[in-house]
Amino acid sequence: MPQQITKGYRALLAEANAAIETLSVAEALPLMADEDTVFIDIRDPRELQREGRNPQAFHCPRGMLEFWIDPESPYHKDIFAQDKRFVFFCAAGWRSALAAKTAQDMGLGPVAHIEGGFKAWKEAGAPVEMPEPKPADRKPGS
């Protein structure tokens with residue numbers, strides 16, 4: 001018998017979005033100048049390489065989030081121990097909604113996420129830093 005999923009991703013996203021603060025890109029942009037706000041990019045490294053990154057964002061792959069937040073984890077990152085506001089984003093805003101909800105449930109706060117994610121960020125003309133091409137990506141003679 002196949003698995004019977006009782007709560008799909010749409011329900012999880014609806015619950016997350018009901019519990020966390022969602023920022024538009026226009027609301028998030030001024031926060032780049034706020035030293036008490038940390039942008040957290042939860043996309044995977046391939047996405048950063050392909051799409052670029054917010055030059056002020058701290059990269060935390062989604063799969064490590066809980067471990068990097070928890071001070072009792074051997075993988076804890078000090079950035080999450082700061083008394084700051086954390087603004088999460090991913091590619092389109094789904095993973096970041098779930099990540100912000102998880103972070104909030106763990107006691108991190110205040111947290112928010114960016115509606116539309118990095119796609120909306122780029123489309124709004126917000127700052128984007130492209131990585132240096134890897135040696136294998138360079139064309140001969142370049």
Side-chain angles (χ1 to χ4, degrees), residues 2-140 142:
Q3 294 287 327
Q4 295 297 314
I5 301 301
T6 58
K7 187 185 290 188
Y9 78 93
R10 286 184 183 97
L12 291 170
L13 285 171
E15 287 175 5
N17 281 312
I20 60 169
E21 181 181 9
T22 301
L23 302 173
S24 67
V25 172
E27 293 168 320
L29 269 168
L31 297 174
M32 287 185 66
D34 180 5
E35 64 184 35
D36 290 324
T37 298
V38 178
F39 285 81
I40 305 291
D41 188 340
I42 64 162
R43 296 174 300 148
D44 78 33
R46 292 176 304 253
E47 291 174 290
L48 275 67
Q49 187 69 31
R50 185 176 58 242
E51 301 294 327
R53 59 185 300 275
N54 172 335
Q56 290 181 300
F58 177 78
H59 179 239
C60 173
R62 175 62 188 97
M64 293 304 295
L65 182 69
E66 293 85 349
F67 303 102
W68 287 12
I69 289 174
D70 186 348
E72 294 183 17
S73 164
Y75 301 104
H76 174 71
K77 299 292 184 189
D78 288 338
I79 194 163
F80 291 109
Q82 298 179 48
D83 187 20
K84 307 241 179 196
R85 179 182 192 190
F86 296 89
V87 177
F88 293 84
F89 66 93
C90 61
W94 294 3
R95 289 174 289 173
S96 60
L98 297 174
K101 171 78 165 59
T102 296
Q104 182 172 280
D105 288 349
M106 291 179 74
L108 191 70
V111 301
H113 90 112
I114 299 175
E115 182 176 31
F118 193 69
K119 181 177 188 283
W121 184 264
K122 282 179 79 168
E123 288 172 353
V128 173
E129 177 180 276
M130 293 303 294
E132 289 291 321
K134 294 179 189 173
D137 295 340
R138 292 189 184 124
K139 294 184 168 94
S142 63

What pairs with Asp78 under side-chain contact (heavy atoms from CB on, under 4.5 Å), at least two apart in sequence or on another chain?
His76
Who passes side-chain contact (heavy atoms from CB on, under 4.5 Å) against Asp105, sequence neighbours left out?
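Asp105 satisfies side-chain contact (heavy atoms from CB on, under 4.5 Å) with Lys101 only.
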Side-chain heavy atoms of [X] within contact of [Y], under 4.5 Å:
X      : Y      : answer
Pro45  : His59  : yes
Val87  : Ile114 : yes
Trp68  : Ile79  : no
His113 : Leu98  : no
Arg43  : Glu51  : yes
Glu123 : Val25  : no
Phe80  : Pro71  : no
Thr102 : Leu108 : no

Any salt bridge linking Arg62 with Glu47? Criterion: basic side-chain nitrogen under 4.0 Å from a carboxylate oxygen.
no
Check this for me: does any side-chain nitrogen of one of Glu21 and Arg85 sit under 4.0 Å from a carboxylate oxygen of the other?
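Between Arg85 and Glu21 there is a salt bridge, with a charged N closer than 4.0 Å to a carboxylate O.
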Testing the basics here: between [X] and [Y], what is the closest heavy-atom pair and its distance to 0.1 Å?
X      : Y      : value
Ala100 : Ala112 : CB-O, 3.9 Å
Lys7   : Glu15  : NZ-OE2, 3.0 Å
Gly52  : Pro131 : CA-CD, 4.0 Å
Cys90  : Ser96  : SG-N, 3.3 Å
Ala97  : Ala16  : O-CB, 3.6 Å
Glu115 : Thr22  : CB-CG2, 3.6 Å

Looking at Lys119, I want to see if its NZ is surrounded by more than 12 non-hydrogen atoms of other residues, nucleotides or ligands under 6.0 Å.
no
Between [atom1] on residue [X] and [atom2] on residue [Y], distance to nearest 0.5 Å:
X     : Y     : atom1 : atom2 : value
Arg10 : Leu12 : CZ    : CG    : 11.5 Å
Arg95 : Leu13 : CZ    : CG    : 11.5 Å
Phe67 : Cys60 : CZ    : SG    : 11.0 Å

Please determine whether side chain to side chain donor-acceptor pair (under 3.5 Å) holds for the pair Ser73 and Asp70, giving the CA-CA distance in whole Å, both sets of side-chain angles, and the decisive distance to 0.1 Å.
CA-CA 5 Å; Ser73 164; Asp70 186 348; over 6 Å; no
Which of these, Val38, Asp41, Ile42, sits in a side-chain contact (heavy atoms from CB on, under 4.5 Å) with Phe88?
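Going through Val38, Asp41, Ile42 one by one, the side-chain contact (heavy atoms from CB on, under 4.5 Å) with Phe88 is satisfied by Ile42 alone.
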I'd like to know if the side chain of Arg53 and the backbone of Ala57 have a donor-acceptor N/O pair within less than 3.5 Å.
yes
Stepwise side chain to side chain contact (heavy atoms under 4.5 Å, CB included) test for Asp36 and Leu31:
CA-CA 9 Å; Asp36 290 324; Leu31 297 174; over 6 Å; no
Ring-ring centroid check Phe39 Phe86, cutoff 6.0 Å:
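No; Phe86 has its ring centre 6.0 Å or more from that of Phe39.
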Using 30° and 60° as the class boundaries, would you call the ring planes of Phe118 and Phe89 parallel, tilted or perpendicular?
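Rings of Phe118 and Phe89: parallel, under 30°.
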